[in-house]
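Since the structure comes first, as structure tokens, the remarks are kept for the end.
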Amino acid sequence: MAAIIVVGAQWGDEGKGKVVDLISAQADMVVRFAGGANAGHTLKVGGQKLVTHLLPSGVMHPGARCVLGAGVVVAPEILADEIATCEARGLGVTPRLLISRRAHVTFPFQSAIDRAANAGPRSIGTTGRGIGPTYSDKAARIGVRLGDLVHGARAADRVGALVEVWAERARAAGVTAPTVEGALAWVAPYMEVIGPLLGDASIAVDEAIRAGKKVVFEGAQGTLLDLDHGTYPFVTSSSTVSGGACTGVGVGPTRITGVVGITKAYCTRVGHGIFPTELLGEAGDRLREVGEEYGATTGRPRRCGWLDLPALRYAARVNGLTALAVTKVDVLAGLPEVPLCVAYRLDGVETNEFPVDDLDRAEPVFLNMPGWDASVSEARTMDALPETVRNYLREIEQRTGVEVAIVSIGADRDATVVRREVLV
Ligand code: IMP
């Protein structure tokens with residue numbers, strides 16, 4: 001039996017898609033537990049590219065059952081479209097897809113207000129996918145769950161409760177108010193696709209674990225975007241950390257056998273919010289161009305900076321990481337030196353801890369590591385990696401206390417060094 005959680009250890013976009021895809025090759029089940037269509041997983045296999053926002057990366061593997069847990073928020077039009085795209089590609093996803101009937105639904109009026117808020121003075125710079133409003137309505141207990149929509153009377157009642165509040169908001173904002181009939185008519189064609197796939201994700205996952213299957217819980221976004229533990233208020237609205245897998249699916253923590261954190265060899269962030277190791281100017285532009293750092297969901301240029309080890313150490317703690325996967329090591333090739341943030345200085349005192357509540361006052365402390373050349377991408381074993389890369393990885397391990405199990409040195413599936421299998 002193996003039930004591992006894979007989480008982003010930074011601000012998202014760490015290359016989870018590639019790593020989960022790689023691990024999923026041996027998985028029986030791949031489960032999304034939080035977030036929604038704000039995520040964007042770019043999967044590259046044999047020169048083919050597939051971007052998914054809601055479906056787990058396991059869709060690429062015909063042997064893997066794919067599950068969306070209760071903690072996910074679903075944009076029905078995007079999910080229906082992704083299912084159709086996968087079917088058109090011959091991935092045969094429908095018979096192996098299970099969607100929690102407890103997952104909440106995002107309606108167009110929720111996305112519209114999210115996008116409108118991005119233009120305001122207190123903008124978070126969201127993906128505009130209605131994530132914040134959907135989770136807010138869920139917490140306010142006026143949300144609509146997918147399972148509500150397959151029962152006529154309940155659908156009208158639940159959508160009625162939501163629309164009542166939103167009609168009031170629309171009137172105040174001077175925009176067209178949503179109606180129950182309009183919302184139900186909008187969602188109906190998507191529910192024809194999604195309705196037959198609804199079920200109890202908690203039971204399905206429990207049964208798989210009991211049967212000794214290999215289960216991967218696939219995180220979305222990253223630790224520093226977590227609603228409780230991230231760089232609040234510049235965060236997403238869900239639990240992106242490993243604990244979120246338990247609440248988001250309905251699986252007990254004692255069932256989990258390992259937690260893998262994904263980190264880039266450097267750092268990126270999309271949207272607003274503090275980013276202490278950010279590189280403004282040419283060095284940042286270089287990372288963005290070489291690393292193709294543009295959002296998979298919004299196309300926005302990502303902010304780039306050096307690797308932040310106190311932040312990674314923080315991620316190791318709040319997630320209970322048992323292994324690390326370091327991605328995009330190839331992007332740094334050609335630099336004579338690679339600065340690593342190894343500590344922070346706060347009120348004149350140096351600390352190894354990530355000062356998550358005082359980042360505006362903290363100053364990163366850097367250690368310059370010798371760089372490496374493009375030959376890094378040819379390595380397929382740890383020993384074949386340039387010595388400078390091995391030193392860089394050793395520094396990461398020593399300062400986080402977590403072993404680097406996987407090193408990614410290119411976008412394709414085979415451009416990877418697997419030092420230790422993690423799905424065991
Ligand atoms: P939201 O999740 O759309 O509400 O956006 C909140 C913050 O999280 C913004 O800064 C987004 O840029 C960021 N964010 C959300 N999803 C992702 C992701 O998948 N990758 C990176 N950043 C994300």
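Indexing begins at 1, ligand by ligand and atom by atom, following the structure's order. Quick caveat: nothing in here was measured; it's all calculated off a predicted structure.
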Got a sec, which residues hit side-chain hydrogen bond (donor to acceptor under 3.5 Å, both in side chains) with Arg380, two or more places apart in sequence or on another chain?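 Not a single residue meets the side-chain hydrogen bond (donor to acceptor under 3.5 Å, both in side chains) criterion with Arg380.
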Contacts of type side-chain hydrogen bond (donor to acceptor under 3.5 Å, both in side chains), residue Glu421, not counting sequence neighbours: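 Applying side-chain hydrogen bond (donor to acceptor under 3.5 Å, both in side chains) to Glu421 gives none.
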Hey, would you say the Trp11 and Phe275 ring centroids sit under 6.0 Å apart?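 Ring centres of Phe275 and Trp11 closer than 6.0 Å.
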Can we call the ring centroids of Trp306 and Tyr266 under 6.0 Å apart?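 No.
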Determine all donor-acceptor pairs shorter than 3.5 Å in which one atom belongs to a side chain in residues 127-136; sequence neighbours excluded.
from   : atom 1 : to     : atom 2 : distance (Å)
Arg129 : NH1    : Ala37  : O      : 3.0
Thr134 : OG1    : Thr106 : OG1    : 2.9
Thr134 : OG1    : Gly130 : O      : 2.5
Tyr135 : OH     : Gly35  : N      : 2.9
Tyr135 : OH     : Gly71  : O      : 2.6
Ser136 : OG     : Gly132 : O      : 2.7

Side-chain contact test, heavy atoms from C-beta onward, threshold under 4.5 Å: evaluate it for Arg89 versus Leu50 and give yes or no.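 Answer yes - side chains close enough.
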For a quick check: using heavy atoms under 4.0 Å, what are the residues in contact with ligand 1, sorted by chain and number?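 Near ligand 1, by chain and number: Trp11, Asp13, Asn38, Ala39, Ile124, Gly125, Thr126, Thr127, Ile131, Gln221, Leu225, Val235, Thr236, Val270, Gly271, Arg300.
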